[in-house]
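Letters A, B, ... are given to chains in the order of the sequence lines, protein chains preceding strands, and every chain is numbered from 1.
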Protein chains: 2
Amino acid sequence: MTEDDRGAHGASSAVQTAPPAVSALIEPRPMRADAARNHEKILQAAEEIFALDGVMVPIDIVAERAGVGIGTLYRHFPTKEALYEAIVMTRLTSLLATADECVKNPNAQEGLCSFLREFAHQSSEKKDLFDALGQAGIDIKARFSDTFEVLMARVDSLRQRAVDEGAVRADVGTKDILNLVMGSCHAAGPSGIDDTSLQRLVDIILAGIETRS
Amino acid sequence: MTEDDRGAHGASSAVQTAPPAVSALIEPRPMRADAARNHEKILQAAEEIFALDGVMVPIDIVAERAGVGIGTLYRHFPTKEALYEAIVMTRLTSLLATADECVKNPNAQEGLCSFLREFAHQSSEKKDLFDALGQAGIDIKARFSDTFEVLMARVDSLRQRAVDEGAVRADVGTKDILNLVMGSCHAAGPSGIDDTSLQRLVDIILAGIETRS
DNA sequence: ATTTATCCGGAACCGTAGTTCCGATTCAAT
DNA sequence: ATTGAATCGGAACTACGGTTCCGGATAAAT
């Protein structure tokens, strides 16, 4: 039961012209047009709502906002956790892209700096998504260990470059930095924190990890 | 209904010898011995459990740990929120005491420093109590505004002294500092963070708010 | 146009956690 | 020892949110 759309995420918009009999064994079916549309609508609605009201919102609300029934939502994401996973994945990927961008910056310090700013900015926009999930008993680091590792490595290279350049103290770990920045994002209570204040906090952190003269 | 033990918290252990008829209008009744005992047991159990498993634990568990029935618990704290309030109050008071202690330190920088360390230490011990409450939709700053203000003022005097002494930058606010330190405490995920790492984070923050040479 | 596999919608179900209620129990005053 | 009010205990009630189920609608293949 309910095994029909398992693993259909990567379908994209590739046209299927191969003989059905054989390819059916590999790729079950291309997913109906409306289904694909709904899948996207749900994902988007969830992202918006979670960012706005936190992950505690009842799932009905997400369905309502997406303009679909609850049943439909469950057809696409058999569990609320599955929804979380999809969104966190999006988020991690996006961060990874940001990190990649920042690595290109020839100035190591600037690179690290702008990554952290962007990281903080995203985190505060998406109302403490990561943290709220932790609260709800989902261990992100465990569930997405591979993607997480990659991101971590990327950030670490940002940090290492800055250290090599002599701009950042060698005795602060990547985790320390990320913990500090993440922490800043939700410390200001449920009301969130305005971007200006947040950037001020990031500045302090940056000052804190700089090499002293 | 259920108005019999309203406001009986401050009863303490003062002996009542005044004529009952008159004092009854002022102080309803001294609270039965076992009741007082239970009140204390519940408070203590709640503090322990909340610190250990977070505020999401069902209230039955608290009652069980305190060795009383659910009904009893509700007799003393008519709502789960009421329990929260009692505990947060304890916590705030304790922090206030710490702050008072630190103000006595003749060295302003050391004073601020040791307060922040202690603050961080307590926060990590008591498993993100404040934050978890925020998550649960309780706005601490609003509900305890008066006590909170006092604490805030105290910390601000710690900061101001350090600024006057030329040890801390003048452009960082008290809120910034507290946000950073609070943030550090729970950023490390549900598993918490060991005290050594936490102190390292506090060190970075302290470095970040120092005046540059 | 017909047919059928897929998908949609939302009523109903179930488990969980907060809260209420009231008979049984216990304190403490006489 | 007796008595009555205060307190206790926990079964039962309620609200809420996640999940299941299935009759009806729809895309797309013939």
Asks: When you check the phosphate oxygens OP1 and OP2 of D/dC8, does a side-chain N or O of B/Asn38 lie under 4.0 Å from one of them?
Replies: yes
Asks: Please work out which residues in residues 64-74 of chain B have a non-hydrogen atom less than 4.0 Å from an atom of DNA chain C and list them by number.
Replies: B/Ile70, B/Tyr74
Asks: Could you check how far CG of B/Leu83 sits from P of C/dA17, rounded to whole Å?
Replies: 16 Å
Asks: Is there a donor-acceptor contact under 3.5 Å linking the side chains of A/His76 and A/Asn38?
Replies: no
Asks: Rounded to whole Å, please give me the gap between CE in B/Met56 and P in D/dG17.
Replies: 12 Å
Asks: Provide, to the nearest angstrom, the distance between the CD1 atom belonging to A/Ile59 and the P atom belonging to D/dT19.
Replies: 6 Å
Asks: Scan residues 129-159 of chain B for pairs that pass ring pair (Phe, Tyr, Trp, His ring centres under 6.0 Å), counting only residues two or more places apart or in two chains.
Replies: none
Asks: Whole Å only: how far is the CD atom of B/Glu40 from the P atom of D/dC8?
Replies: 14 Å
Asks: How many Å lie between NZ on A/Lys41 and C1' on C/dC8, as a whole number?
Replies: 11 Å
Asks: Apply side chain to side chain contact (heavy atoms under 4.5 Å, CB included) to the pair A/Arg91 and A/Ser123, showing each step before the final yes or no.
Replies: CA-CA 10 Å; A/Arg91 181 79 184 292; A/Ser123 296; 3.1 Å; yes
Asks: Please confirm whether the shortest side-chain N or O distance from A/His76 to OP1 or OP2 of C/dC8 is below 4.0 Å.
Replies: yes
Asks: Measure the distance from CD1 on A/Ile61 to C1' on C/dG10 and round it to the nearest whole Å.
Replies: 14 Å
Asks: Quick one, A/Arg37 with A/Asp34, criterion salt bridge (charged side-chain N to carboxylate O under 4.0 Å, His left out). Give me CA distance, side-chain angles, the key distance, then yes/no.
Replies: CA-CA 5 Å; A/Arg37 215 177 311 134; A/Asp34 55 347; 5.7 Å; no
Asks: Check ring-ring contact (aromatic ring centres under 6.0 Å, His included) between A/Tyr74 and all other residues, then give those that pass, not counting sequence neighbours.
Replies: none
Asks: Hey, could you give me the OG1/CD distance between B/Thr98 and B/Gln122, rounded to the nearest 0.5 Å?
Replies: 5.0 Å
Asks: Walk me through it: do B/Asp156 and B/Arg159 pass the test salt bridge (charged side-chain N to carboxylate O under 4.0 Å, His left out)?
Replies: CA-CA 5 Å; B/Asp156 191 58; B/Arg159 182 196 64 94; 3.1 Å; yes
Asks: I'd like a table of atom pairs between the protein and nucleotides 27-30 of chain D - only N or O on both sides, under 3.5 Å - with the distance next to each one.
Replies:
unit_1 : atom_1 : unit_2  : atom_2 : d
D/dA27 : O4'    : A/Arg32 : NE     : 3.4
D/dA28 : OP1    : A/Ala33 : N      : 3.2

Asks: Within this structure, what is the CZ-to-C1' distance between A/Phe77 and D/dT20, rounded to whole angstrom?
Replies: 18 Å
Asks: With sequence neighbours left out, what residues match A/Glu81 under side-chain hydrogen bond (donor to acceptor under 3.5 Å, both in side chains)?
Replies: A/Arg143
Asks: Taking only the side-chain heavy atoms of A/Arg75 (C-beta and beyond), determine which of D/dG18, C/dG18, C/dC8 contains the nearest atom.
Replies: C/dC8
Asks: Distance-only check: which donor-acceptor pairs under 3.5 Å involve side-chain atoms of residues 48-64 of chain A, not counting sequence neighbours?
Replies:
unit_1  : atom_1 : unit_2  : atom_2 : d
A/Glu48 : OE1    : A/Arg65 : NE     : 2.9
A/Glu48 : OE1    : A/Arg65 : NH2    : 2.6
A/Glu48 : OE2    : A/Gln44 : NE2    : 3.4

Asks: Whole-Å distance between C/dT16 P and B/Lys80 NZ?
Replies: 15 Å
